[in-house]
Amino acid sequence: MTAAGTRARVRAELTREIADVARRHLATSGAAALSLRAVARELGMASSAVYRYFPSRDDLLTALIVDAYDALGDTAERAESAVPRDDLRGRWHAACRAAREWAVAHPHEYALLYGSPVPGYAAPETTIAPGTRVGLLLCRVVADGVNRGEVTAIADDSDATLVPGLGDQLGLPPGVTARALQAWSGIYGAISFELFGQTNNAVLEHAAFFEGAVDRLADLVGLPA
């Protein structure tokens with residue numbers, strides 16, 4: 001391996017180590033308290049050395065957010081791809097179930113994505129594409145149903161509330177777009193209610209409750225039973 005290749009490998013390994021330590025700090029201190037100095041101290045590095053990899057706390061937060069979105073997206077896409085293409089509702093359930101299971105296994109990373117905003121931090125545009133992977137996956141399932149004539153567009157006033165052109169971006173026609181967006185937000189609402197303790201005194205079996213919610217949302221977008 002060339003010297004340049006060795007340096008690149010070392011840099012990649014140190015970047016990964018910094019991110020791993022930062023994720024542990026999320027679990028113990030929360031995103032708002034994330035500190036590059038604290039991360040450097042745990043790694044036994046000088047703060048100035050860590051700043052060569054992440055120039056600021058916000059850069060580190062952005063890297064953690066993108067990594068978490070991509071991990072969530074990978075998990076949902078892998079589960080959905082294992083279901084036969086003609087089983088629209090099965091694909092929908094597989095993607096949603098995988099998203100919930102990832103969230104339950106990684107609650108602090110999920111909280112970084114969908115919990116309280118971090119004071120003073122504004123997510124850059126580089127987080128948009130990773131952040132929409134699961135939602136776009138669900139929209140593709142619905143779009144497949146439309147293209148095959150199994151999902152019927154039903155016009156209602158909800159479409160008028162959307163940003164013009166959103167349906168084109170999502171690959172969905174009028175009469176379906178608003179319902180798909182409502183279902184997308186409902187799925188994350190159900191996951192967030194569970195992870196943030198909102199259903200602790202109301203739901204006994206969260207996995208089964210979630211499956212029921214996912215099924216009702218599949219009804220909302222018109223997926224065949």
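Only a predicted model underlies this, so the values are computations on that prediction, with no experimental measurement involved.
In this view, R85 and E80 satisfy the salt bridge (charged side-chain N to carboxylate O under 4.0 Å, His left out) rule, not counting sequence neighbours. By the ring-ring contact (aromatic ring centres under 6.0 Å, His included) test, Y110 pairs with Y114, sequence neighbours left out. Listed by chain and number, the residues in a salt bridge (charged side-chain N to carboxylate O under 4.0 Å, His left out) with D70 are R133 (sequence neighbours excluded).
Side-chain atoms of D59 come within 3.5 Å of backbone atoms of S56 as a donor-acceptor pair (strictly under, hydrogens ignored). A distance-only check finds a donor-acceptor pair linking the side chain of S35 to the backbone of A38 [under 3.5 Å]. When atom types are taken as modelled, the side chain of T199 and the backbone of A202 share no donor-acceptor pair closer than 3.5 angstrom.
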Atom pairs and distances, donor-acceptor, side-chain atoms in residues 118-130, under 3.5 Å, two or more places apart:
unit_1: Y121; atom_1: OH; unit_2: T62; atom_2: OG1; d: 2.6
unit_1: T127; atom_1: OG1; unit_2: P124; atom_2: O; d: 2.8

Using a 3.5 Å cut-off and no angle test, enumerate the donor-acceptor pairs between side-chain atoms of residues 165-176 and protein atoms at least two apart in sequence or in another chain.
none

Show every donor-acceptor pair shorter than 3.5 Å between a side-chain atom in residues 214-222 and any protein atom, with sequence neighbours excluded, or say none if there are none.
unit_1: D215; atom_1: OD1; unit_2: R89; atom_2: NH1; d: 2.8
unit_1: D215; atom_1: OD1; unit_2: H93; atom_2: NE2; d: 2.9
unit_1: R216; atom_1: NE; unit_2: D219; atom_2: OD2; d: 3.4
unit_1: D219; atom_1: OD1; unit_2: R89; atom_2: NH1; d: 3.1
unit_1: D219; atom_1: OD1; unit_2: R89; atom_2: NH2; d: 2.7

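At a threshold of 4.5 Å between non-hydrogen side-chain atoms, the residues V142 and W92 count as touching. Proximity of H108 to T28: side-chain heavy atoms (C-beta onward) are nowhere separated by under 4.5 Å.
When the shell of 6.0 Å around CZ of F196 is examined, it contains more than 12 heavy atoms from other residues, nucleotides or ligands. Remark: D157 CG is loosely packed, at most 12 non-hydrogen atoms of other residues, nucleotides or ligands lying under 6.0 Å away.
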